[in-house]
Amino acid sequence: SLCSVTKMMVVLDSLRSVQQQVEDALHRGLTFQVTQKAVKLDAIRSGFTHNDAELIASFDGNFTPIVRQMYDEATEGLEQYQ
């Protein structure tokens, strides 16, 4: 249905945003800890949660690990060249 497609597009756009922010942080040479703080999830979060406390907790639990995964994937193998 159109609603499902729209939701999927929101998820994809959100993942692209996180990926771009992680890549930008890496280009600036930021560590993971600083990258995690630099990635802005606020706009993405409000689109999913509409300020519902339960949904916010669920969002944070699901999206915070994505930042780590994208950072790890982007830096995989880099240490062997340093």
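Note that the structure is predicted; figures quoted are calculated from it, not measured.
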Using a 4.5 Å cut-off on heavy atoms from C-beta on, say whether the side chain of [Y] contacts that of [X].
X     : Y     : value
Gln19 : Ile66 : no
Phe63 : Val67 : no
Leu15 : Asp13 : no
Lys7  : Cys3  : yes

Inter-residue atom distance Phe59.CZ - Ser46.OG, 0.5 Å rounding |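 If I round to the nearest 0.5 Å, the distance is 8.5 Å.
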
State the CD1-CZ distance between Ile44 and Arg16, to the nearest 0.5 angstrom.
->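 Answer for the CD1-CZ pair, Ile44 versus Arg16, is 12.0 Å.
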
Determine all donor-acceptor pairs shorter than 3.5 Å in which one atom belongs to a side chain in residues 22-38; sequence neighbours excluded.
unit_1 : atom_1 : unit_2 : atom_2 : d
Asp24  : OD1    : Gln20  : NE2    : 2.8
Thr31  : OG1    : Val34  : N      : 3.3
Thr35  : OG1    : Thr31  : O      : 2.8

Checking side-chain contact (heavy atoms from CB on, under 4.5 Å) against Phe48, which of Leu55, Val10, Ile56 comes through?
->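 Among the candidates, only Val10 passes.
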
Determine, stepwise, if the pair Glu54 / Ser58 fulfils side chain to side chain donor-acceptor pair (under 3.5 Å).
-> CA-CA 6 Å; Glu54 254 183 65; Ser58 177; over 6 Å; no

List for me each residue that meets side chain to side chain donor-acceptor pair (under 3.5 Å) alongside Asp52, sequence neighbours excluded, and say none if there are none.
->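 Partners of Asp52 under the side chain to side chain donor-acceptor pair (under 3.5 Å) test: none.
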
Could you tell me whether the side chain of Thr64 and the main chain of Gly61 form a donor-acceptor pair under 3.5 Å?
->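 Here the side-chain-to-backbone pair does not exist.
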
Closest approach of Lys40 and Gln21, non-hydrogen atoms and distance?
->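 It is N-OE1, 2.6 Å.
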
